[in-house]
> 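Here's a structure for you.
Sequence lines set the chain letters: A, B, ... in the order given, protein chains first and strands last, and positions in each chain run from 1.
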Protein chains: 2
Amino acid sequence: MQRYRQLQIKLTPQRLAILSYLNGNKTHPSAEDIYKAVKKQFPTMSFATVYNTLEALKNRGGVMELKIDDKRKRYDPDSTKHHHFICTKCRSIVDIFKDYKLSLPDELKKGFDVTGNSIEFYGTCRKCKKGSEQ
Amino acid sequence: MQRYRQLQIKLTPQRLAILSYLNGNKTHPSAEDIYKAVKKQFPTMSFATVYNTLEALKNRGGVMELKIDDKRKRYDPDSTKHHHFICTKCRSIVDIFKDYKLSLPDELKKGFDVTGNSIEFYGTCRKCKKGSEQ
DNA sequence: GAGTTATTTTAGAATTATTCTCAGTTGATA
DNA sequence: TATCAACTGAGAATAATTCTAAAATAACTC
């Protein structure tokens, strides 16, 4: 919870429930996933609160917004630099921790400042591969 | 136009106008951009036609759907393998043609089949960099 | 611990991108 | 040039997200 104090946001019970749901969560949930989970504890929870909290966290680096799903935004509580593998069969998302050193092609090197990059791998995950081999 | 015949879709005047707008277009337009542009020639053009055509093209590899913009889908008529640079100041998107050989970290290598990857670079583009140096 | 205040919560409305519907039209093929 | 599956288009439907404004409250001060 120390971590949350550092966020410098008002710690309401609703926000703590959202933070606790996100903490260590590797499923890359959507706003709706979060809403549904937290609504169990706080039946009056509204989407506005979910989105407000996510916005506040985003601005403070407490969560990353992923544009991986073309239907809805997904959120990743791990804001340390990493990439993603997306299974094209089951749509699951796996974190990839590896520091790829990527530089722009020579003709763009001058003039462009690169501050970061994000890689998405596509393919078949372990589970789906096993499943199809049966 | 030879290229379009190969797509095996019915070539209606509306579709030809969309194809002609997309052909060589490096702006990564949204459905609305396409709609507005083509509506000039075909005032009765509807969004349904734009989306139908994009769907048909997508399925045949004639266009790529980009999840680069968190507000709306963007479309890229260049479906050859390439990556993108997104300027965090002016939001412009620049194509990056370079074949980065990326492999998963060792612990994921077995079990995962990678069929492709997509890289987004973030930073300041040439124009914005120049602008801020004035 | 009580008072103050700026921030947050919430229900519901509003907005926006995308998809759907279905009647009327048309490109492609024979 | 007739046929028909595929396409167009106006508008309605859907779904994710944002906005609104009144009531509630966390955090700060004394």
> Answer yes or no: does a side-chain N or O of Tyr51(B) lie under 4.0 Å from OP1 or OP2 of dT19(C)?
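No, because none of the side-chain N or O atoms of Tyr51(B) sits under 4.0 Å from OP1 or OP2 of dT19(C).
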> Closest-nucleotide mapping onto DNA chain D: is Thr53(B) or Glu55(A) further toward the 5' terminus? I mean the 5' end.
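With Thr53(B) and Glu55(A) compared, the 5'-side residue is Thr53(B).
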> Inspect the surroundings of NZ in Lys81(B) and state if more than 12 heavy atoms from other residues, nucleotides or ligands are less than 6.0 Å away.
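Counting other residues, nucleotides and ligands, NZ of Lys81(B) exceeds 12 neighbours.
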> Grab the CZ-P distance between Phe47(B) and dT21(C) for me, whole Å please.
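My rounded result for the distance is 19 Å.
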> Describe the nucleic acid contact of Pro43(B) in one word from base, sugar-phosphate, nothing, applying a heavy-atom distance below 4.0 Å.
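Result for Pro43(B) = nothing.
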> Return no unless some side-chain N or O of Lys73(B) is found under 4.0 Å from OP1 or OP2 of dT19(C).
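Looking at the OP1 and OP2 atoms of dT19(C), one of them is under 4.0 Å from a side-chain N or O of Lys73(B).
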> Could you tell me how far apart Leu66(B) (CG) and dA17(C) (C1') are, to the nearest whole angstrom?
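My rounded result for the distance is 16 Å.
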> On DNA chain C, compare the nucleotides closest to Glu32(B) and Ala56(A); which residue's is nearer the 5' end?
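So the residue in question is Ala56(A).
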> Does Gln14(B) place a side-chain N or O at less than 4.0 Å from the phosphate oxygens OP1/OP2 of dT26(C)?
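Looking at the OP1 and OP2 atoms of dT26(C), neither is under 4.0 Å from any side-chain N or O of Gln14(B).
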> Between dT7(C) and Lys10(A), counting only base atoms on the nucleotide and side-chain atoms on the residue, is there a donor-acceptor pair under 3.5 Å?
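It does, because a donor-acceptor pair links the side chain of Lys10(A) to the base of dT7(C) below 3.5 Å.
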> Within the supplied structure, the quantity of interest is the number of heavy atoms (other residues, nucleotides, ligands) at a distance under 6.0 Å from Lys127(B) NZ; does it exceed 12?
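It does not: Lys127(B) NZ has 12 such atoms or fewer within range.
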> Return the value, rounded to whole Å, for the distance between atom CD1 of Ile9(A) and atom C1' of dT8(C).
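The answer, rounded to whole Å, is 11 Å.
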> Across the strands shown, which category fits Thr12(A) at heavy-atom distances under 4.0 angstrom: base, sugar-phosphate, nothing?
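Since only primed, P, OP1 and OP2 atoms lie under 4.0 Å of Thr12(A), the category is sugar-phosphate.
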> Could you tell me the separation between the CZ atom of Phe42(A) and the P atom of dT25(D), rounded to a whole number of Å?
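Between P of dT25(D) and CZ of Phe42(A): 11 Å.
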> Can you tell me the distance, in whole Å, between the NZ atom of Lys67(A) and the P atom of dT17(D)?
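Rounding to the nearest Å, NZ of Lys67(A) and P of dT17(D) are 14 Å apart.
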> Using the closest heavy atom to pick a nucleotide of DNA chain D for each, name whichever of Thr49(B) or Lys71(B) lands nearer the 5' end.
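It is Thr49(B) whose nearest nucleotide is closer to the 5' end.
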> Check the distance between dA15(D)'s P and Lys36(A)'s NZ and give it to me in whole angstrom.
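Atom NZ in Lys36(A) sits about 12 Å away from atom P in dA15(D).
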> Could you tell me how far apart Leu54(B) (CG) and dT8(D) (C1') are, to the nearest whole angstrom?
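Taking CG of Leu54(B) and C1' of dT8(D), I get 15 Å after rounding.
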> Heavy atoms from C-beta onward define the side chain here; which of dA26(D), dT21(C), dG27(C) lies closest to that of Ala48(B)?
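Ranking dA26(D), dT21(C), dG27(C) by closest atom to the Ala48(B) side chain puts dT21(C) first.
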> So does Arg15(B) get a side-chain nitrogen or oxygen closer than 4.0 Å to the phosphate oxygens (OP1/OP2) of dT8(D)?
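Checking dT8(D) against Arg15(B), a side-chain N or O does come within under 4.0 Å of OP1 or OP2.
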> Can you measure Asn59(B) atom CG to dC7(D) atom P for me and round it to whole angstrom units?
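Roughly 11 Å, once rounded to whole Å.
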> Tell me if the NZ atom of Lys58(B) is crowded by more than 12 foreign heavy atoms within 6.0 Å.
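Buried by this count: over 12 neighbours within 6.0 Å.
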> Please check: side-chain N/O of Thr53(A) versus main-chain N/O of Thr49(A), any donor-acceptor pairing under 3.5 Å?
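The answer is yes, because a donor-acceptor pair under 3.5 Å joins these two groups.
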> Does atom NZ (Lys109(B)) have a neighbourhood of more than 12 heavy atoms from anything else shown, all under 6.0 Å?
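It does: Lys109(B) NZ has more than 12 such atoms within range.
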> Select one nucleotide: of dT10(C), dG11(D), dA17(C), the one nearest the side-chain heavy atoms of Arg72(B).
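The answer is dA17(C), which lies nearest to the side chain.
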